[in-house]
Amino acid sequence: MTFEIDLRSDTVTKPSPEMRQAIASAEVGDDVIGSDPTVEALQEYVADLLGKEAALYMPSGSMTNQIAIRLHCGRGEEFLCEADCHVYNYEQAAFAQLSGIVPRTIQGKHGVLEPHHLHGMIRPGGDHMVSTSLVSLENTHNRGGGTIQPLEYVDAICSWAQENNLSRHLDGARLFNAVSATGIEAKRWSTGFDSVSICFSKGLGAPAGSALAGSKEFIQQARRARKLFGGGMRQVGIIAAGALYAVQNNRERLAEDHENAKLLADAVRNAPGLKLAPEPETNIVVVEIDPALGTSAEFIQQLAAYHIGALPFGPQHLRFVTHMDVQRDQIERACAAIEQVASKMTSGKSAAAV
Ligand SMILES: *Cc1c(COP(=O)(O)O)cnc(C)c1O
C-alpha cells in the first residue's frame, strides 16, 4: 500500500537524487574475499562517530543486534533487556533460535529502564540456574514511543553492569534521534557500551543496512558471525554508499522530524478521545484511542481515506513516525485530518447511542 503522507515508519524513505548519485558513482570491491573501499570508508566513519575501534556493515539491525548478543553470551546464558525492546519482540527470538541464548525481560516505563529496575536481576550462579552475561539497552526506544534513556541512567546501568562483569550492548537503531534531541554526542552515548548497533535506514534515510561497532577483536569475531548468518555481501559498496551519504548528511535534519512530531502531538491533544502515550520526545508519536471512538484499526482506516498512513500498535494504540519524506505542509494536513477523523468518530458514536 502507498500513502501520500506515509507516517507508518521512518523506514519508508526513498533515496534522494544526491544519494542516488553517491550510489551510482560508488567505488566497489569484493567485501567477502577482501574489502570494498566504500564499505571501508563507511565503517571507519561510523567507528569514529561512535568512539569505537572498529565497525562492521550488515544488511539489517536485526543482524547487528543478534550477532552482538551471540558474541556477548555463550549458549545457555542469559541477557537482561527491557520487556518491550526490539531485540526481544521483533527479531523472532533469534538469540534462542540461532544462538541458544535466553532473555530476561524487565518492564520499564515507556521503554525507559532505571538502574533500580535491574538491581537484583543477576543470577547467583551454581548448578541450577543460567548465568547472566549481558545487558542490552535500546535508545531511543521504539515501542516506548521514541523515548530517550536519560544519560544518567545509562551511565549508572553500564557502571553497575561492568562492576558485575556483564557486557553492555546498545541497540541504537535511532541513536541519532537521541543525539539530535539532547545535543549529547553519539560517542558520549556509546561510552559505557562494549558494542553499539546503528541503523542507516531509519531516520537517516538510506535504502538499507546497519552497523555494529566495538573493539577490533569484537568486530573481527562479528565479521566471522556475519558470514555464518549469511550476511557477507560482495560489491556491497553500492548500498553502503547510500548509508555513508545518509550518516554524513542527514543527521542534522532529524531536528525537523522532531518538530513535526510536536505538531502531530498538538493535533492529538486537540482531538476528542485521543491521548498521547507518552508525550513524544523524538520522531515517534504513539496515540491511545478512547474505546468510545472505536479501535486503532478503525481510526487508521479513516486516515487512509485522507491518504495518510499510520501503524496499529495494539487494539487501542497507533503509531505515527515522522521522517525526511514528509514535509511540514504535509504534517499540517495530517494534523487537520487527525482532528477531523477523531471528531467524526466521536459524533458517529454519540449519534449511534442516541
Ligand atoms: C528497526 C529497528 C531495528 C532493526 O530492524 P531491521 O529491520 O532488522 O533493520 C532494531 N532495533 C530497533 C529499535 C529498530 O527500530
Side-chain angles (χ1 to χ4, degrees), residues 6-13 42 46 50 55-70 79 81-95 97-99 103 105 108 110-113 134-149 154 168-181 186 189-190 193 195-213 222 225-226 229-231 233 236 239-240 242-243 246-247 250 254 257 261 280-286 311 313 319-324:
D6 195 345
L7 298 169
R8 291 173 301 166
S9 175
D10 47 8
T11 56
V12 301
T13 58
L42 172 65
V46 166
L50 300 177
L56 190 69
Y57 187 53
M58 299 197 204
S60 72
S62 297
M63 192 182 283
T64 47
N65 281 331
Q66 293 301 326
I67 284 177
I69 293 170
R70 179 187 179 90
F79 69 98
C81 63
E82 203 282 325
D84 292 322
C85 74
H86 196 281
V87 157
Y88 173 65
N89 292 282
Y90 302 110
E91 299 178 13
Q92 288 192 26
F95 44 79
Q97 296 208 53
L98 305 178
S99 305
T105 59
H110 298 302
V112 173
L113 279 181
L134 167 71
V135 177
S136 178
L137 297 183
E138 183 174 315
N139 200 15
T140 64
H141 197 289
N142 179 350
R143 184 85 203 189
T147 45
I148 300 163
Q149 309 285 336
V154 171
R168 287 86 55 198
H169 172 67
L170 174 62
D171 177 357
R174 292 186 182 80
L175 182 61
F176 296 110
N177 292 94
V179 170
S180 172
W189 280 116
S190 306
F193 295 93
S195 58
V196 179
S197 163
I198 60 163
C199 287
F200 303 109
S201 60
K202 302 286 164 73
L204 296 179
S210 289
L212 182 63
R226 183 183 67 178
F229 280 40
M233 298 184 286
V236 65
I239 52 170
V247 73
N250 294 342
L254 291 170
D257 298 342
E281 296 176 9
T282 55
N283 70 327
I284 300 178
V285 183
V286 178
L311 270 194
F313 240 31
R319 183 183 85 164
F320 298 114
V321 187
T322 56
H323 55 77
M324 63 191 301

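One-based numbering, in listed order, for ligands and for the atoms of each.
For atom 7 (O) of ligand 1, the nearest non-hydrogen atom of the protein is Ser62 OG, 4.6 Å. Among protein heavy atoms, the minimum distance from atom 5 (O) of ligand 1 is reached at His86 CE1, 3.6 Å. The shortest contact between atom 11 (N) of ligand 1 and any protein heavy atom is with Asp171 OD2, 2.6 Å.
Atom-to-atom distance recorded for Thr322:OG1 and Asp10:CG is 7.5 Å, nearest 0.5 angstrom. With rounding to the nearest 0.5 angstrom, the CG atom of Leu170 is 10.5 Å from the CG atom of Leu212.
In terms of polar-atom proximity, Glu138 is not counted as a contact of ligand 1, lacking any N or O under 3.5 Å from an N or O of the ligand.
Only the side chain of Ala173 comes within 4.0 Å of ligand 1, judged by heavy-atom distances.
A donor and an acceptor atom, one from each side chain of His169 and Ser195, are located under 3.5 Å apart. Side-chain atoms of Ser99 and Arg70 form a donor-acceptor pair, as typed in the model, at a separation below 3.5 Å. Side-chain polar atoms of Glu138 and His86 form no donor-acceptor pair below 3.5 angstrom.
Atoms of ligand 1 found under 4.0 Å from any heavy atom of Glu91 (numbered from 1 in listed order, with element): 10 (C). Every atom of ligand 1 is numbered from 1 in the order shown, and the set under 4.0 Å from a heavy atom of Asn65 is 10 (C), 11 (N). Listed by number with element, the atoms of ligand 1 under 4.0 Å from a non-hydrogen atom of Lys202 are 1 (C), 2 (C), 3 (C), 4 (C), 5 (O), 14 (C), 15 (O). Near Ser60, meaning under 4.0 Å from one of its heavy atoms, ligand 1 places the atoms 8 (O), 9 (O).
Within the 3.5 Å criterion, the main-chain N or O of His110 finds a donor-acceptor partner in the side chain of Thr147.
Heavy atoms of Arg174 approach ligand 1 to within less than 4.0 angstrom.
Note on ring orientation: taking the six-membered ring where Trp is involved, the planes of Phe95 and Phe79 are perpendicular (angle over 60°, cut-offs 30° and 60°).
With atom 6 (P) of ligand 1 as the reference point, the heavy atom nearest to it among Gly111, Cys85, Gly61 is part of Gly61.
In Phe229, the CZ atom is crowded: over 12 heavy atoms of neighbouring residues, nucleotides or ligands sit closer than 6.0 Å.
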